[in-house]
Asks: 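Below is one structure. I have some questions about it.
Predicted model, so just to flag it, every value in this text is computed and none were measured. Each chain gets a letter, A, B and so on, in the order the sequences are listed, and its residues count up from 1.
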Amino acid sequence: MKSIGGKMANMEQIVSLCKRRGFLFQSSEIYGGLNGFWDYGPLGVELKRNIKEAWWQDMVVRHDDLSQLPGTPSPYSMTGVDTTIIVHPQVWKCSGHYDLFHDFMVDCRDSKRRYRHDQIVGRWADAKGKRAFVTAQAGDEAEQQMERQAMKFFNLRAKNIEELNWEGTTICLTEIASFEEVLGPEAKALGTLTPPREFNLMFKTTVGALGGEEDAAFLRPETAQGIFLNFKNVLDSTRFRLPLGIAQTGKSFRNEITPRNFTFRSREFEQMEIEFFCHPNESAEWYRYWRDRRLSWYHELGISPERLRLREHHEDELSHYSTGTADIEYAFPFLAAGEYGELEGIAHRGDFDLRSHSEGKLDEKRRPLEVELGPDGKPKWRGSGKDLSYRDDLTNEKYIPHVIEPSAGADRATLAFICDAYYEDEAPDDEGKMQTRTVLKFHPRIAPIKAAVFPLVKKDGMPEMAKEIYLELKKRFNVFYDEKGAVGRRYRRQDEAGTPYCITVDGQSLLDKTVTIRDRDSLEQVRLPASECLAWISERILG
RNA sequence: GCGGGUGUAGCUCAAUGGCAGAGCUCCAGCCUUCCAAGCUGGUGGUGAGGGUUCGAUUCCCUUCACCCGCUCCA
């Protein structure tokens, strides 16, 4: 979002443009839509493909694996995989998603709030002949909040605090069978909490036509696990050495409780993920490298630096096994001023993933990490039992690699690029009056249409020459031909689509084989031989 | 999942318990030698389901979607 002439673009205008020009449509729209699902239209699919392609080219294909790049401890390799959406159900048990994504929630009928069942703590209390299980949300202030709740509920003043009797210790709500005597964290009466209800954040499906519950499988909530599963395959089938990054793009699925904000929180979405495997001693340095590299990638593709920020997670926000996580965040127009939405997370994951898939799911709360045990004392979720360590054939050192994970949302990036490109400015019409112009100032590399070719008027042989140029460019780029109506109107239409260049064949073209190329942002035109158009545009869009 | 708001043409918006309108867009044609508003004609709509009624886009119920606020966000 940019402001020009003091007018701020708002999300409604952007959504409207997306639909009007064919960037994004609601999924199943003719049936009334489906919450949390979005389709890309003719312009949107080109934009998103270009963004994914830029990512793949920049991260994998064009990566210089021979040089030591600034900020890195050594040269490194990059490669890719494309793994399945459905994998062995055990994968999600060892990855931690199964436990984490099967939250039980309780709602409070009184306060209209919702809580995670396992994040409510409480303690039995009595006063004035009444008894209640007084609760609060787990956290540092839980004890104070419980006391406040109890004083309020029992109608006690501070001076009568000794009338309040606590029994036993603070325990989790999960230990309480019936909620009849439970006082919700913000409730005024007892028994207002609903029974715990399961929220399946992973999409469940069935493998096999007759499958029962034992054949249940899940659509992946992230592409990353497919990379871990193939870590050994990649090393065994190639001559790559560590450090090595393995990239993958693909669809993931999460049953978000509240899809919101256009495509920002969708239930079906596409990720662009890298799992970067390295020696534990160098992992901190690699983490910093990837964090900075990924931030600069957005800058290179033209995102406004002032709307983008890198946010390091606080220590208490980190996963227990992570020694560092940073989010790349964008100031989306649908957020309040000063708020940012996550585009990408760069996480130092240590050896959690490879060890979990080898030994069994690790207990994130234990230091050092150990396999999480079930009630029977055996591993809660068994791993594959396969050795996923790496032997360095130069030093003969054997170790379990540490992992840096730059995980980006392709749809979120696409949305950010659209929002960031949206401008309304003023340009003069043919009578010199200033008219509002809506323009998407995409970086030429990601623009859906690279160039439009127009005959200035539809006669005198101009269309013929323009079509020739169009067909020649079309062999290399997505280009657009238009001969209808006033040329100014055609320029404006391309501005809305974000087309960076418009090539116009005019009277002079017929005499000397030159054309004009009009720049979307500056509105300036240059004249050059028609035969040089391809080279001129190539130079500007290859990035 | 809760509360509030909104659903009328591709877009922006009118109107009404009794034939649903405008502007822009779009399409066809005319005119046009560089930045959307010239001329002629044309396509096209009440989110879905049910109820009340002689008749519902309008009133009622249900549902779906979108927006705002909670909640959630590994």
Side-chain angles (χ1 to χ4, degrees), chain A residues 10-13 15-22 25-38 41 92 95-103 105-116 119 137 186 194 197 199 201-202 221-222 224 252 254-262 264-265 267 317 319 322 325 334 336 341-342 345 347 364 407 426-439 454-460 462 483-496 502-510 515-520 523-525 527:
Chain A
N10 64 43
M11 205 54 205
E12 275 174 41
Q13 291 172 288
V15 172
S16 170
L17 176 69
C18 283
K19 179 170 186 199
R20 182 157 39 91
R21 294 308 310 263
F25 306 121
Q26 199 170 8
S27 169
S28 318
E29 191 182 347
I30 62 170
Y31 283 103
L34 187 60
N35 193 234
F37 295 89
W38 300 89
W92 307 115
S95 70
H97 290 88
Y98 184 85
D99 292 339
L100 212 52
F101 274 24
H102 280 72
D103 290 340
M105 311 290 291
V106 296
D107 289 310
C108 179
R109 298 186 193 92
D110 183 16
S111 66
K112 304 297 181 193
R113 287 181 168 265
R114 167 175 295 164
Y115 310 97
R116 262 175 65 174
Q119 287 193 349
Q137 294 201 65
E186 278 136 299
T194 64
R197 287 178 288 191
F199 277 66
L201 265 46
M202 285 195 289
E222 63 171 34
S252 292
R254 296 179 197 180
N255 249 327
E256 299 287 354
I257 293 170
T258 311
R260 204 53 82 84
N261 290 331
F262 207 22
F264 183 79
R265 179 165 294 135
R267 288 175 161 150
E317 207 179 345
S319 306
S322 182
T325 297
F334 51 76
E342 180 184 345
E364 302 170 23
S407 170
E426 302 220 307
D429 64 14
D430 59 353
E431 290 169 0
K433 284 190 294 188
M434 297 307 278
Q435 300 289 344
T436 298
R437 180 179 79 126
T438 301
V439 52
F454 307 145
L456 185 58
V457 289
K458 198 167 62 174
K459 61 180 185 187
D460 299 338
M462 293 181 206
E483 60 181 23
K484 298 184 193 75
V487 73
R489 180 184 298 274
R490 285 178 266 159
Y491 286 142
R492 295 298 174 90
R493 271 198 286 251
Q494 293 306 313
D495 290 339
E496 272 196 346
C502 290
I503 298 168
T504 302
V505 171
D506 59 11
Q508 189 180 333
S509 307
L510 303 172
V515 294
T516 61
I517 298 189
R518 175 247 197 200
D519 182 88
R520 176 196 63 203
L523 303 182
E524 281 167 9
Q525 289 179 291
R527 182 171 286 276

Asks: OP1, OP2 of B:rC11 versus side-chain N and O of A:K19: anything below 4.0 Å?
Replies: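 So the side chain of A:K19 is within the cut-off, an N or O lying under 4.0 Å from OP1 or OP2 of B:rC11.
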Asks: Using a 3.5 Å distance criterion without hydrogens, assess whether the side chain of A:R490 forms a donor-acceptor pair with backbone atoms of A:P455.
Replies: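 Checked: pair present.
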Asks: Syn versus anti for B:rC19, judged by chi lying within 90° of 0?
Replies: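 Chi for B:rC19 falls in the syn range.
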Asks: For B:rU46 and B:rU57, measure between their C1' atoms and round to the nearest Å.
Replies: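 About 4 Å, rounded to a whole number of Å.
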Asks: With C1' as the reference atom in both, quote the distance from B:rG55 to B:rG23 in angstrom, rounded to an integer.
Replies: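 Straight-line distance between the two C1' atoms is 32 Å.
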Asks: Nearest to the A:D506 side chain among B:rA65, B:rC72, B:rC34, which nucleotide is it?
Replies: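 Comparing B:rA65, B:rC72, B:rC34 against the side chain of A:D506, the answer is B:rC34.
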Asks: Side chain of A:N35 only, please: which of B:rC66, B:rC34, B:rU32 is the nearest?
Replies: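 The nucleotide sitting nearest to the side chain is B:rC66.
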Asks: If only atom types and distance count, is the side chain of A:R437 paired as donor or acceptor with the main-chain N or O of A:R492 below 3.5 Å?
Replies: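 The answer is no, because no donor-acceptor pair under 3.5 Å joins these two groups.
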Asks: Could you tell me how far B:rG17 sits from B:rC13 if I compare only their C1' atoms? Round to whole Å.
Replies: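 Here B:rC13 and B:rG17 have their C1' atoms 23 Å from each other.
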Asks: Find the distance A:R21:CZ to B:rC11:P and express it as a whole number of Å.
Replies: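 It works out to 14 Å between those atoms.
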Asks: With sugar-phosphate meaning primed atoms plus P, OP1 and OP2, does A:F262 contact a base, only sugar-phosphate, or nothing at under 4.0 Å between heavy atoms?
Replies: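 Sugar-phosphate only.
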Asks: Heavy atoms under 4.0 Å, any strand shown: does A:K484 hit a base, just sugar-phosphate, or nothing?
Replies: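 Result for A:K484 = sugar-phosphate.
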Asks: Taking only the P atom of each, what is the distance from B:rU8 to B:rU12 in whole angstrom?
Replies: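 Between the two P atoms, the distance is 8 Å.
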Asks: Under 4.0 angstrom, heavy atoms only, what part of the nucleic acid is A:E483 near: base, sugar-phosphate, or nothing?
Replies: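 Touches nothing.
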Asks: Once you apply the 3.5 Å cut-off to both distances, tell me the Watson-Crick or G-U wobble partner of B:rG17, or none.
Replies: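 WC or wobble partner does not exist here.
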Asks: Nearest to the side chain of A:N261, which nucleotide is it out of B:rC35, B:rA36, B:rC68?
Replies: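 Of all the options, the side chain of A:N261 is nearest to B:rC68.
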Asks: With both distances kept under 3.5 Å, what pairs with B:rU6, Watson-Crick or G-U wobble?
Replies: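 WC or wobble partner is B:rA65.
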Asks: Under the criterion side chain to side chain contact (heavy atoms under 4.5 Å, CB included), which of A:R520, A:R518, A:Q525 is the partner of A:C502?
Replies: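 The side chain to side chain contact (heavy atoms under 4.5 Å, CB included) with A:C502 is passed solely by A:R518 among A:R520, A:R518, A:Q525.
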Asks: Is any side-chain N or O of A:R20 closer than 4.0 Å to OP1 or OP2 of B:rC11?
Replies: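 Checking B:rC11 against A:R20, no side-chain N or O comes under 4.0 Å of OP1 or OP2.
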Asks: Would you kindly give the CD-to-P distance between A:Q13 and B:rC66, to the nearest whole Å?
Replies: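 Checked: the CD to P distance equals 20 Å.
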Asks: Given the C1' atoms of B:rC64 and B:rG49, what is the spacing between them in whole Å?
Replies: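 The answer is 10 Å between these two C1' atoms.
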Asks: For the P atoms, the ones on B:rA9 and on B:rA28, what distance do you get once it is rounded to whole angstrom?
Replies: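 It works out to 24 Å between them.
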Asks: Under 4.0 Å, counting only non-hydrogen atoms across every strand here, what does A:T258 touch: a base, just sugar-phosphate, or nothing?
Replies: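 Base contact.
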Asks: Is A:E12 side chain donor-acceptor paired with the B:rC67 base, going by distance under 3.5 Å alone?
Replies: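 Check fails, no donor-acceptor contact within cut-off.
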Asks: If you only use heavy atoms from C-beta on, which nucleotide in B:rU33, B:rC34, B:rG1 is closest to the side chain of A:T516?
Replies: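 Nearest to the side chain of A:T516 among the choices is B:rC34.
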Asks: Has A:R267 got a side-chain atom pairing as donor or acceptor with A:N35's backbone, closer than 3.5 angstrom?
Replies: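 Yes: the side chain of A:R267 pairs with the backbone of A:N35.
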Asks: Closest to the A:F334 side chain: B:rC72, B:rU33, B:rC68?
Replies: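 The closest nucleotide is B:rC68.
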Asks: Give a yes/no on whether any side-chain N or O of A:R493 is located under 4.0 angstrom from OP1 or OP2 of B:rC35.
Replies: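 The answer is no; no side-chain N or O of A:R493 sits under 4.0 Å from OP1 or OP2.
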Asks: Suppose you measure atom C1' in B:rA14 against the same atom in B:rG51; what distance do you get, rounded to whole Å?
Replies: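 Each nucleotide's C1' atom is 28 Å from the other's.
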Asks: To the nearest 0.5 angstrom, please state how far the OG1 atom of A:T258 sits from the CD atom of A:E256.
Replies: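 These two atoms lie 8.5 Å from each other.
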Asks: Heavy atoms from C-beta onward define the side chain here; which of B:rC26, B:rU12, B:rC67 lies closest to that of A:R489?
Replies: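 Looking only at side-chain atoms, A:R489 lies closest to B:rC26.
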Asks: So which one's nearest nucleotide on RNA chain B is more toward 5', A:D519 or A:G485?
Replies: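 Comparing both residues, the 5'-ward one is A:G485.
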Asks: Would you mind classifying the nucleic acid contact of A:D495 as base, sugar-phosphate or nothing, using non-hydrogen atoms under 4.0 angstrom?
Replies: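 Nothing: the residue A:D495, judged by heavy atoms under 4.0 Å, touches no strand.
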Asks: Taking N and O atoms by type only, does the side chain of A:Y31 place a donor or acceptor under 3.5 Å from a partner on the base of B:rC64?
Replies: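 Answer no: no donor N or O sits under 3.5 Å from an acceptor.
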Asks: What's the closest nucleotide to the A:S16 side chain, out of B:rC34, B:rC11, B:rU33?
Replies: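 Out of B:rC34, B:rC11, B:rU33, the nucleotide with an atom closest to A:S16's side chain is B:rC11.
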Asks: Can you tell me the pairing partner of B:rU12 across any strand shown, Watson-Crick or G-U wobble, with both distances under 3.5 angstrom?
Replies: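 Its partner is B:rA22 (Watson-Crick or G-U wobble, both distances under 3.5 Å).
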Asks: Where the side chain of A:D506 meets the backbone of A:Q508, is there a donor-acceptor pair that is under 3.5 Å apart?
Replies: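 It does hold such a pair.
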Asks: For B:rG18 versus B:rC59, give the span between their P atoms, rounded off to a whole number of Å.
Replies: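 The same atom, P, in both gives a distance of 12 Å.
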Asks: If you only use heavy atoms from C-beta on, which nucleotide in B:rC72, B:rC34, B:rG69 is closest to the side chain of A:Q137?
Replies: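 Closest nucleotide to the A:Q137 side chain: B:rC72.
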Asks: Partner lookup for B:rC39, please. Criteria are Watson-Crick or G-U wobble with both distances under 3.5 angstrom; report none if nothing qualifies.
Replies: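 B:rC39 is paired with B:rG29.
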Asks: Please check the phosphate of B:rC72 (OP1 and OP2 only) for any side-chain N or O of A:N255 closer than 4.0 Å.
Replies: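 No, outside the criterion.
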Asks: Base, sugar-phosphate or nothing for A:R490? Non-hydrogen atoms, less than 4.0 Å.
Replies: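 Nothing, no nucleic acid heavy atom in range.
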Asks: Base, sugar-phosphate, or nothing for A:Q26, non-hydrogen atoms under 4.0 angstrom?
Replies: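 Since only primed, P, OP1 and OP2 atoms lie under 4.0 Å of A:Q26, the category is sugar-phosphate.
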Asks: Please report the distance, rounded to the nearest Å, between CG in A:D460 and C1' in B:rC31.
Replies: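 So the CG-C1' distance, A:D460 to B:rC31, works out to 14 Å.
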Asks: Under a 3.5 Å limit for both distances, which nucleotide forms a Watson-Crick or G-U wobble pair with B:rA56, could you say?
Replies: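 When the pairing criteria are applied, nothing turns out to pair with B:rA56, so the answer is none.
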Asks: How close or far is atom P of B:rU25 from atom CZ of A:R492, stated in whole angstroms?
Replies: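 Atom-to-atom, A:R492 to B:rU25, this comes out as 12 Å.
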Asks: Under 6.0 Å between ring centres: does that hold for A:F262 and A:F334?
Replies: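 Aromatic pair excluded; centres sit 6.0 Å or further apart.
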Asks: So, does the side chain of A:R518 form a donor-acceptor pair with the base of B:rC35 at under 3.5 Å?
Replies: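 Answer is yes: a donor-acceptor pair is held.
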Asks: What do the steps show when you test A:L523 against A:Y491 for side chain to side chain contact (heavy atoms under 4.5 Å, CB included), and what is the final call?
Replies: CA-CA 10 Å; A:L523 303 182; A:Y491 286 142; over 6 Å; no
Asks: Let me know the distance between CD1 of A:I30 and C1' of B:rG47, rounded to the nearest Å.
Replies: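 Computing the A:I30:CD1 to B:rG47:C1' distance gives 12 Å.
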Asks: Test of understanding: with side chain to side chain donor-acceptor pair (under 3.5 Å), list the residues that count as partners of A:D519, not counting sequence neighbours.
Replies: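 Here the qualifying residues are A:S522.
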